[in-house]
2 protein chains.
Amino acid sequence: MKADVERMGEVLRSRNLKVTKMRRLIFEEILASSEAHLDAGEIHARLRRKGKSVSVATIYRALRLFVRIGLVSQVDFGESHSHYEREIAKAGHGHLICLACGRVLEFADERMDGVIGSIGKANAFALDKFSLQIFGYCRDCKKT
Amino acid sequence: MKADVERMGEVLRSRNLKVTKMRRLIFEEILASSEAHLDAGEIHARLRRKGKSVSVATIYRALRLFVRIGLVSQVDFGESHSHYEREIAKAGHGHLICLACGRVLEFADERMDGVIGSIGKANAFALDKFSLQIFGYCRDCKKT
DNA sequence: TTTAATGCAAACATTTTGCACCCTG
DNA sequence: CAGGGTGCAAAATGTTTGCATTAAA
């Protein structure tokens, strides 16, 4: 986690971008709540609760930047806003979203990469990334 | 296509919903431009161009309804708004999105369903649907 | 006729921008 | 101290809602 923040510094410096207090706070918040798949509003609320007041504009600017330089990835769970998580290298990584309680589970299945690679090849696409959301009902919710 | 519109009528009637002129126009527009993966604004613009003025509220209400009753599916290409396409039964259906020109290609790969089914099982999820977007550069754009 | 659907405009939610000021490098 | 970063508030998007009116069944 501390190492991640240091890496953030390196990545920023290597691009002549500044390592500011706000960027550190925002990035740390994403790391600290990796389970939660935070959205911009939630990041704002959590920082505020800790007495760190950061303007929403700064949060959105930082998030966009983090995504652009590959520190964070932007994910969509079928809502009207995006969520953000630390960029994960794991192969075949995606999310299972419960339609009842909203819970989000991560998964990683190496078979995905193979299938997606061949889909790309079949369509003459140079692949960059993919985004897979699986919707259903989680263990607890499917009972009811 | 005409058959599809009739099916729309049946589905609506079976739920005591009304088969209105506006709903027909909106649904026909989605069918007619199935390649285009229209968004709400585009549907509004196309209908207006044809001299059919439909309020945006009606378009959004119809789209939400169509999605709810399974006539249309809502897809997300990483933009700030949704696109809509006729609900497609094809197994393992997803989209390839070109990061340069924005072109959207559909694909269907039966292997996907197997992989996704086993991911669901492994996580005790009762699957409902999935959404897969693959981002990259299309044949034309990857050259440059 | 009765009930759902529509249009309009206002309200909302999310994200972006312009600009004066501030801080990191 | 130069140039990027921040805050604020206003604007831009995208979508939803309340309410009076219209049109299916």
Side-chain angles (χ1 to χ4, degrees), chain A residues 5-6 8-30 37-48 51-69 71-72 74-84 102, chain B residues 5-6 8-30 37-48 51-69 71-72 74-84 102:
Chain A
V5 178
E6 269 162 33
M8 175 193 87
E10 286 161 27
V11 174
L12 289 174
R13 271 186 293 270
S14 75
R15 302 191 176 229
N16 293 318
L17 296 170
K18 290 175 181 170
V19 182
T20 66
K21 186 177 172 181
M22 297 312 175
R23 286 178 179 167
R24 226 168 316 166
L25 284 172
I26 295 164
F27 191 59
E28 282 171 356
E29 204 54 47
I30 293 172
H37 302 286
L38 302 182
D39 56 46
E42 195 47 33
I43 293 172
H44 187 240
R46 291 187 184 215
L47 288 174
R48 165 161 299 198
K52 320 284 187 184
S53 123
V54 184
S55 109
V56 291
T58 299
I59 292 177
Y60 280 107
R61 282 189 277 233
L63 290 172
R64 203 149 36 120
L65 173 66
F66 292 162
V67 170
R68 193 173 345 121
I69 65 185
L71 288 170
V72 160
Q74 182 170 5
V75 290
D76 233 292
F77 298 147
E79 295 167 298
S80 51
H81 59 269
S82 297
H83 293 251
Y84 299 85
Chain B
V5 178
E6 270 162 34
M8 175 194 86
E10 286 161 26
V11 174
L12 289 175
R13 271 186 293 271
S14 76
R15 303 188 177 234
N16 294 316
L17 296 169
K18 291 173 180 172
V19 182
T20 66
K21 187 177 174 180
M22 297 312 175
R23 286 178 178 167
R24 225 169 323 179
L25 284 172
I26 294 164
F27 191 59
E28 282 170 355
E29 203 56 46
I30 293 172
H37 301 286
L38 302 182
D39 56 47
E42 194 49 32
I43 293 172
H44 187 241
R46 290 186 185 215
L47 288 175
R48 164 161 299 198
K52 321 283 186 184
S53 121
V54 184
S55 110
V56 290
T58 299
I59 292 177
Y60 280 107
R61 282 189 277 233
L63 290 172
R64 202 147 38 118
L65 173 65
F66 292 162
V67 170
R68 192 171 347 122
I69 65 184
L71 288 170
V72 160
Q74 182 171 3
V75 289
D76 233 293
F77 298 148
E79 296 168 298
S80 50
H81 58 272
S82 297
H83 294 251
Y84 299 85

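It should be emphasised that the depicted structure is a prediction, and the values quoted were computed from it without experimental measurement. Per chain, numbering begins at 1; letters A, B, ... match sequence-line order.
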So which nucleotide from D:dA9, D:dA23, C:dT6 ends up closest to the side chain of B:M22?
-> C:dT6
What's the closest nucleotide to the A:L17 side chain, out of C:dG25, D:dG4, C:dG7?
-> D:dG4
May I have the distance from B:I59 (atom CD1) to C:dC8 (atom P), rounded to whole angstrom?
-> 12 Å
Nearest-Å distance for atom pair CZ/P, residues B:F77 and D:dG14 | 15 Å
Minimum heavy-atom distance B:D76-B:H81, with the two atoms named = OD1-O, 4.0 Å
By nearest-nucleotide position on DNA chain D, the 5'-leaning member of B:R24 and B:R61 is B:R61
Take atom CG of B:D39 and atom C1' of D:dT13, then tell me their distance rounded to the nearest Å.
-> 12 Å
Could you please name the option among C:dT16, D:dT15, D:dT6 that lies closest to any side-chain atom of B:S82?
-> D:dT15
Phosphate oxygens OP1/OP2 of C:dT6: is one of them under 4.0 Å from a side-chain N or O of B:T20?
-> yes
Take the protein atom CZ of B:F27 and the nucleotide atom P of C:dA5, then report the distance between them rounded to whole Å.
-> 16 Å
Describe the nucleic acid contact of A:R13 in one word from base, sugar-phosphate, nothing, applying a heavy-atom distance below 4.0 Å.
-> nothing
Provide, to the nearest angstrom, the distance between the CZ atom belonging to B:F66 and the P atom belonging to C:dA5.
-> 11 Å
Given DNA chain D, 5'-ward residue of the pair B:G41 and A:R23, judged by closest heavy atom = A:R23
In terms of side-chain heavy atoms of A:R64, which of D:dG5, C:dT17, C:dT14 is nearest?
-> C:dT17
Which whole-number value in Å describes the distance from A:K52 NZ to D:dT6 P?
-> 15 Å
Nearest heavy-atom neighbours spanning A:Q74 and A:Y84 | NE2-OH, 3.6 Å
Could you work out which one of D:dT16, C:dA5, D:dG7 sits closest to the side chain of B:K18?
-> C:dA5
State whether B:R46 and B:E42 are salt-bridged, where the test is any N-O pair (Lys NZ or Arg NE/NH1/NH2 against Asp/Glu carboxylate O) under 4.0 Å.
-> yes
So which nucleotide from D:dG14, C:dA9, D:dT6 ends up closest to the side chain of A:T58?
-> D:dT6
Please find out if less than 6.0 Å separates the ring center of A:H83 from that of A:F77.
-> yes
Phosphate-side-chain proximity, A:Y60 and C:dT15, N/O vs OP1/OP2 below 4.0 Å | yes
Whole angstrom value for the distance that separates P of C:dC23 from NZ of A:K21 = 10 Å
Could you tell me which non-hydrogen atom of B:I26 sits nearest to which non-hydrogen atom of B:V54, and how far apart they are?
-> CD1-CG1, 4.3 Å
What is the distance, rounded to the nearest whole Å, between atom CD1 of A:I26 and atom P of C:dT15?
-> 14 Å
